[in-house]
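What you see is a predicted model, and the numbers here were worked out from it, not measured in a lab.
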Amino acid sequence: MKNIRIILFLILSFSLFIFLSCYGDERPAVKNGFIDISDWSFEENGSIELKGEWKFVFNDDNIAFAGIDYNDFDWDLFNVPEHWNSKTGKSFGYCWLRLKIRNNKNERLGLYLLNANSAYILFINNVLAMKNGISGNTRIESVPQNIPEYIELPNTEYIFISWKISNFNDVNGGPRFSPIINTIEK
């Protein structure tokens with residue numbers, strides 16, 4: 001009798017493991033510069049890392065890149081977090097990354113960013129939201145800084161993130177951490 005209970009427990013545990021592996025909570029991921037978090041319950045499922053395929057342009061700069069309506073259709077894709085060295089073959093330079101988020105308007109959300117190699121500016125819906133150091137286009141124009149930041153996100157249907165990173169200091173350049181979205185305490 002005891003052996004049957006053990007066997008039933010093992011079968012049940014294995015079945016539950018298989019079920020959760022196949023049908024468990026699948027976190028939204030960034031694909032082709034877009035992520036949909038509109039149905040995600042942060043309270044039940046926790047935070048989301050904005051990792052995956054962001055839109056990417058290297059060593060090209062235009063403040064229009066921060067605009068909501070800017071057409072980034074022909075930009076490359078870049079996996080965040082990752083150093084751009086593997087994609088560009090270069091340590092030094094600057095890039096713009098863009099992401100469109102379909103927002104979850106049911107919860108107050110914030111964006112947490114640990115840091116990037118080695119300076120950045122980050123726009124949300126065309127408004128400068130975060131700045132770390134001076135993100136320039138040359139070594140002379142740039143000042144590195146790595147301080148974590150956290151801001152509240154707008155409660156709009158779509159959120160557009162435009163992120164310029166420059167690196168003329170470190171061996172590796174680019175976003176070494178993914179931004180994270182989570183709820184803000186009410």
**Q** Does atom CG (Asp39) have a neighbourhood of more than 12 heavy atoms from anything else shown, all under 6.0 Å?
**A**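 For Asp39, atom CG is not crowded (no more than 12 foreign heavy atoms under 6.0 Å).
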
**Q** State which residues pass salt bridge (charged side-chain N to carboxylate O under 4.0 Å, His left out) with Asp76; sequence neighbours excluded, sorted by chain then number.
**A** none

**Q** Measure from NZ or CZ of Lys164 to the centre of the six-membered ring of Phe65, then state whether that distance is under 6.0 Å and the direction lies within 45° of the axis.
**A**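 The answer is no; the distance or angle limit is not met.
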
**Q** Checking Phe168 now: which residues fulfil ring-ring contact (aromatic ring centres under 6.0 Å, His included) with it, not counting sequence neighbours?
**A** none

**Q** Side-chain contact test, heavy atoms from C-beta onward, threshold under 4.5 Å: evaluate it for Ile161 versus Phe123 and give yes or no.
**A**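 Side chain of Ile161 against side chain of Phe123, heavy atoms only: no contact under 4.5 Å found.
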
**Q** With Thr138, which residues qualify under side-chain hydrogen bond (donor to acceptor under 3.5 Å, both in side chains), at least two apart?
**A**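 For Thr138, no residue satisfies side-chain hydrogen bond (donor to acceptor under 3.5 Å, both in side chains) once neighbours in sequence are set aside.
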
**Q** Tell me whether the centres of the aromatic rings in Trp75 and Trp96 are closer together than 6.0 Å.
**A** no

**Q** Can you sort out the partners of Asn59 under side-chain hydrogen bond (donor to acceptor under 3.5 Å, both in side chains), two or more places apart, ordered by chain and number?
**A** none

**Q** Ile121 and Lys131: which non-hydrogen atoms are nearest, and at how many Å?
**A**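 Minimum heavy-atom contact is CG2-CG, 3.9 Å.
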
**Q** Not counting sequence neighbours, which residues clear side-chain hydrogen bond (donor to acceptor under 3.5 Å, both in side chains) with Lys55? List them please.
**A** none

**Q** Just to verify, what does Phe78 make a ring-ring contact (aromatic ring centres under 6.0 Å, His included) with, not counting sequence neighbours?
**A**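 Applying ring-ring contact (aromatic ring centres under 6.0 Å, His included) to Phe78 gives Phe56.
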
**Q** Side chains of Leu122 and Ile124: closer than 4.5 Å at any heavy-atom pair?
**A** yes

**Q** First locate atom OG of Ser118, then atom CZ of Arg176, and finally report the distance between them rounded to the nearest 0.5 Å.
**A** 9.0 Å

